Enquirer: 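The structure follows.
Everything numeric here is computed off the predicted structure, so don't read it as measured data. As the structure lists them, so they are numbered: ligands from 1, and atoms in each ligand from 1.
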Amino acid sequence: MWLWWNKTETQLVLFVTAVKGGHMCGIFGAFNCDHAAHVVFLGLHGIQHRAKEFAGIVSSDGTNLFRRTGPGIVQDVFRDPGDLERLHGRVAFGHIRYATTEDDPKLDNTQPIMGSFESMEMAIAHNGNLVNHAELRSELAAHGRFKTSLDTEVILRLFCLSSAKDVFARVFDAVRCLRGSYSLIFLWNDMMVAVRDPWGNRPLALGRRGASWFLSSETISFDTLGIAAVREVAPGEILVISKQGISSRYFDEERLSDQPIPHERAQCIFELLYYANPGSKVFGQHVWEFRIRAGRRLCVLCPSLGDAVVGVPDSALFHADGYAAAWEMVPVRGLLRSHYVGRTFVEGVQKLRESAVARKFVPVFALLWGRAVTLIEDSIVRLTTLPEVVRLVRRGGAREVHARVATPPITHPCRYGIDTPDPRELAAANHSVEEIRVLAGVDSLAFMPMEGLKGLVPNPRDYCFACMDGNYRI
Ligand code: SF4
């Protein structure tokens with residue numbers, strides 16, 4: 001537990017960080033599918049950009065569950081052909097997550113995690129983060145020792161302790177007390193259940209190929225596997241997939257209903273700006289298209305003096321396309337990305353992040369030499385990437401470097417699953433824009449204004465902007 005003095009709002013903020021779990025993750029499920037575990041492997045591979053430090057798959061042959069999890073990307077965990085062969089059955093689901101400083105190395109914090117109820121094995125995987133997990137955990141401690149430090153285990157316990165016979169009622173018992181962010185997959189016997197929290201904070205999509213059903217954090221996995229994206233799992237929906245087909249009921253914090261229940265939404269705007277693959281459709285919007293519009297808006301609201309627009313690859317390339325288009329320019333690919341170094345954001349330790357940045361980008365000298373470069377960045381979180389990138393661009397011969405950032409300053413930690421928990425690490429929580437400009441080493445710096453960002457979505461009330469405005473609505 002630690003205290004944080006928020007100098008911009010002159011308020012004392014108390015955070016409890018003793019137990020953490022959900023964090024940024026990805027989930028994928030396959031139902032009634034040949035080689036289900038293999039398909040889940042490929043599905044997780046398609047969303048590997050979301051997390052890369054742990055992976056796991058659980059399958060079911062209709063009675064027994066089979067589990068394999070471990071550290072690394074999915075290709076590391078399922079290295080031998082036999083690793084997937086041993087995950088029997090036509091139903092399977094998996095999870096990827098990244099490590100956090102709160103992880104207890106003595107505990108198995110990989111997902112999916114398993115439990116049992118009514119003499120049946122069950123498993124669960126979670127994308128998101130619960131804000132009331134500590135209270136729930138202490139209430140549930142009387143029922144035995146927790147095996148992980150994951151908030152997900154709270155949901156598993158609530159599910160297994162329920163006495164409800166009806167599937168929907170049992171799942172509702174598991175989620176009705178939860179506060180925070182959760183997209184979930186449950187599996188037991190030959191039944192798979194998907195749940196999205198009533199606020200719809202994290203995405204979860206439903207796909208279909210013939211008689212097979214699929215679930216994924218992002219539609220990009222469907223596209224690569226020839227699966228048709230059917231729709232999103234709705235906020236507050238419990239979707240049961242069984243041999244009988246699919247059926248849904250809906251819930252909020254109070255009740256379970258046959259009809260969707262109107263509820264405020266708080267979809268994570270950061271998914272659209274940075275996190276999701278540009279090829280995915282998230283919250284009903286094509287991510288690439290959103291980023292182009294964000295770039296255009298950034299150009300109108302924060303014009304620059306440069307003569308070359310260069311996007312920081314890969315995540316800001318579409319923003320840069322939009323920025324350049326609004327300026328009637330063609331973006332310049334003055335920076336290339338080495339694909340043999342992972343995304344810096346998901347590295348667990350600051351030192352690793354910094355060395356990874358230097359290895360990640362390659363300046364194209366011929367395109368940068370003598371230019372006044374406007375660098376387009378999607379966001380500044382810890383100010384890890386930008387100073388290194390600016391050094392590379394100057395080394396490439398740029399005579400000026402201006403930075404334009406498509407996200408307003410990130411001044412607050414995310415409590416809903418993106419790993420920016422410590423405000424001391426957030427550049428904009430500790431420095432003015434001018435201080436960040438100096439630290440980044442750029443000639444000018446501007447961030448997307450908050451109103452500019454809100455104008456990009458149909459109804460800003462449906463989105464969470466808490467890491468930028470401190471308004472934690474969930
Ligand atoms: Fe997304 Fe920021 Fe809200 Fe977290 S606080 S859910 S990162 S918008």
Enquirer: A quick test of your reading: do over 12 heavy atoms of other residues, nucleotides or ligands sit less than 6.0 Å from NE2 of H402?
Expert: yes
Enquirer: Report, as a single number, the protein N, O or S atoms less than 2.8 Å from atom 3 (Fe) of ligand 1.
Expert: 1
Enquirer: What's the spacing between L158 CG and E153 CD if we round to 0.5 Å?
Expert: 11.0 Å
Enquirer: Please work out, at 4.0 Å between heavy atoms, whether the side chain, the backbone, both, or neither of R202 comes within that distance of ligand 1.
Expert: side chain
Enquirer: Please identify each residue that fulfils side-chain hydrogen bond (donor to acceptor under 3.5 Å, both in side chains) with R297, with sequence neighbours left out.
Expert: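 R297 satisfies side-chain hydrogen bond (donor to acceptor under 3.5 Å, both in side chains) with no residue once adjacent residues are dropped.
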Enquirer: Within 45° of the six-membered ring axis of Y323 and under 6.0 Å from that ring's centre, is NZ or CZ of R404 located there?
Expert: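 Judged by the rule (NZ or CZ under 6.0 Å from the ring centre, within 45° of its axis), R404 is not positioned above Y323.
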Enquirer: Of F31, F93, F159, which meets ring pair (Phe, Tyr, Trp, His ring centres under 6.0 Å) against F186?
Expert: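 The ring pair (Phe, Tyr, Trp, His ring centres under 6.0 Å) with F186 is passed solely by F159 among F31, F93, F159.
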Enquirer: For T110 and R67, test the side chains for any donor-to-acceptor distance below 3.5 angstrom and give the result as yes or no.
Expert: yes
